[in-house]
Amino acid sequence: MQTILNFLVKHNHWFLFILLEGISFMLIIRFNNYQNAVFFTSANNTLGDVYSLITDVDNYFGLRTENAELLEHNKELAQEVAELRLRLNEAESLNALSKETIASNAKDNYIFNTAAIINNSHTRLNYFIVIDKGAKDGIESEMGVFNSQGVIGTVYMVSDNYSLVMPLPNSKSNTSCKVRGGNETTILQWDGQDKQHSYLVDLPRHSRFAQGDTVVTSSHSSIFPEDIPVGVIDKVEESIDGMFYRARVRLFADFSTLRSVYTVGHKGYKEQKELEKKIL
């Protein structure tokens with residue numbers, strides 16, 4: 001013990017130097033957007049490699065081949081469901097179109113992919129999820145992410161091989177939703193409390209909804225296909241100013257046990273956003 005203490009006393013100036021360097025590095029990253037982005041992307045790639053290795057070992061013992069086949073099959077089913085929903089909506093409003101035209105539009109609207117969760121920091125306040133697919137796999141920021149239970153969130157940041165997903169229970173998350181069977185669109189937001197609950201906010205007082213109603217994605221979402229399950233209303237409250245309602249939604253997805261997800265991208269999303277920028 002005395003030897004260790006003598007060593008620390010003798011070289012204390014080096015330890016002080018390293019400490020000051022570390023503090024300077026942290027300040028540069030925190031208060032400079034460019035350095036913050038570079039560090040975040042590099043750290044994301046490095047951590048992604050580590051988590052990917054850990055996940056590979058875990059998946060080997062968890063029958064990886066069978067899981068991959070199931071994911072691929074479920075991806076195809078999800079795409080078929082999206083196409084059928086789009087066909088139904090198109091058929092109701094555009095009866096003059098032929099079946100071939102409707103089917104073609106459905107297939108051209110969305111692209112699906114599968115991904116595995118390699119890090120899920122669900123214990124943090126504003127946590128993120130890391131998946132093992134990135135730009136090389138066609139993943140882009142603001143793509144939707146869901147699983148067999150329901151909506152998970154949206155892709156927030158992408159590197160070559162990995163992507164950062166912002167889940168529904170995140171203070172920055174805003175998802176366009178509606179009550180199934182209704183037409184009024186509202187926003188789903190997290191209040192920073194329970195990660196299995198979020199809130200439909202600013203619901204007009206004439207809205208027709210009740211406890212037990214299912215919440216799904218709306219047709220106004222430029223990220224998700226319409227009618228993907230989100231959760232169920234388990235409590236209705238007054239807004240703070242008393243002019244609206246807000247509804248607490250128990251989310252279908254269990255964020256503490258996530259292993260695999262699907263990504264979905266609207267092929268016309270970028271074009272739509274570019275057009276909107278011209279008038280906003």
Side-chain angles (χ1 to χ4, degrees), residues 29 33-34 36-59 62 64 67-68 70-72 74-76 78-79 82 109-176 188 190 195 217 221-225 228 230 251 253-270 272-273:
I29 292 174
N33 292 333
Y34 175 75
N36 182 282
V38 171
F39 174 79
F40 194 88
T41 302
S42 300
N44 184 34
N45 278 323
T46 302
L47 288 175
D49 289 334
V50 174
Y51 290 133
S52 182
L53 178 60
I54 295 173
T55 303
D56 285 343
V57 175
D58 181 62
N59 285 339
R64 181 174 183 174
N67 287 339
L70 282 173
L71 279 173
E72 189 64 27
N74 286 339
K75 181 193 76 172
E76 294 173 359
Q79 188 164 2
N109 270 324
Y110 296 98
I111 183 170
F112 292 80
N113 208 338
T114 61
I117 303 293
I118 59 175
N119 185 30
N120 182 6
S121 56
H122 63 271
T123 58
R124 299 180 185 177
L125 179 60
N126 268 337
Y127 78 98
F128 288 89
I129 296 168
V130 182
I131 60 176
D132 65 347
K133 296 290 178 65
K136 290 182 178 179
D137 305 290
I139 306 300
E140 299 178 352
S141 60
E142 297 192 75
M143 276 188 168
V145 181
F146 66 102
N147 67 0
S148 58
Q149 296 173 316
V151 172
I152 302 298
T154 56
V155 176
Y156 180 73
M157 188 177 293
V158 177
S159 63
D160 285 344
N161 301 298
Y162 306 99
S163 297
L164 214 57
V165 176
M166 180 171 62
L168 293 179
N170 185 298
S171 63
K172 297 180 180 179
S173 175
N174 290 283
T175 305
S176 178
L188 185 77
W190 187 52
K195 288 185 172 62
T217 54
S221 172
S222 55
I223 297 176
F224 291 98
I228 293 184
V230 175
L251 304 175
D254 184 351
F255 293 90
S256 63
T257 61
L258 293 176
R259 293 181 63 87
S260 302
V261 294
Y262 307 103
T263 62
V264 57
H266 194 290
K267 294 182 179 179
Y269 179 76
K270 286 186 177 180
Q272 176 185 337
K273 288 301 178 182

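All values below were derived from every heavy atom in this structure, side-chain atoms included, with hydrogens, water molecules and symmetry-related copies excluded.
- Taking 4.5 Å as the limit, every side-chain heavy atom of Ile118 sits out of range of all side-chain heavy atoms of Ile131.
- Here the closest heavy-atom approach between residue Lys133 and residue Ser163 is recorded as O-OG, 2.6 Å.
- Separating the OG atom in Ser173 from the CD1 atom in Ile152 is a distance of 11.5 Å, to the nearest 0.5 Å.
- Going from atom CH2 of Trp190 over to atom NZ of Lys195 covers 4.5 Å, rounded to the nearest 0.5 Å.
- Contact of the Asn161 side chain with the Lys136 side chain is registered, since non-hydrogen atoms from C-beta on lie closer than 4.5 Å.
- Here Ile139 contributes atom CD1 and Asp160 contributes atom CG; the two are 12.5 Å apart, rounded to the nearest 0.5 Å.
- Ring geometry for Tyr156 against Phe128 counts as tilted: the plane angle lies between 30° and 60°, on a 0 to 90° scale.
- When side chains are defined from C-beta on, Val155 does not count as touching Leu164, because their heavy atoms never get closer than 4.5 Å.
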Kindly determine whether Ile129 and Leu258 satisfy side-chain contact (heavy atoms from CB on, under 4.5 Å), including the steps that lead there.
CA-CA 9 Å; Ile129 296 168; Leu258 293 176; 3.6 Å; yes
Start with the C-alpha distance between Phe146 and Thr263, add both sets of side-chain angles, then the distance that settles side-chain contact (heavy atoms from CB on, under 4.5 Å), and finish with yes or no.
CA-CA 7 Å; Phe146 66 102; Thr263 62; over 6 Å; no
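- Residues Phe224 and Val264 approach most closely at CD2-CG1, 4.1 Å, considering heavy atoms.
- Looking only at distances, no side-chain donor or acceptor of Glu140 sits under 3.5 Å from a matching main-chain atom of Ala135.
- Aromatic ring centroids of Tyr262 and Phe112 lie 6.0 Å or more apart.
- The backbone N or O of Ala116 lies less than 3.5 Å from a partner atom in the side chain of Asp132, making a donor-acceptor pair.
- Remark: Thr114 OG1 to Asp137 CG distance equals 9.0 Å, nearest 0.5 Å.
- Atom CG of Asn147 sits about 9.0 Å away from atom OG of Ser260, to the nearest 0.5 Å.
- Counting only heavy atoms from C-beta outward, the side chains of Leu251 and Leu188 approach each other to under 4.5 Å.
- Shortest non-hydrogen contact noted between Thr217 and Val230 is N-CG2, 3.9 Å.
- Annotation for Tyr162 and Val130: closest pair CB-CG1, 4.4 Å, computed over non-hydrogen atoms.
- Here the closest heavy-atom approach between residue Ile111 and residue Met143 is recorded as CG2-CE, 4.4 Å.
- Note that CE of Met166 is 8.5 Å distant from CD of Glu142, once rounded to the nearest 0.5 Å.
- Between Asn170 and Tyr127 the shortest heavy-atom distance is ND2-O, 3.3 Å.
- The side chain to side chain donor-acceptor pair (under 3.5 Å) search around Ser221 returns none, not counting sequence neighbours.
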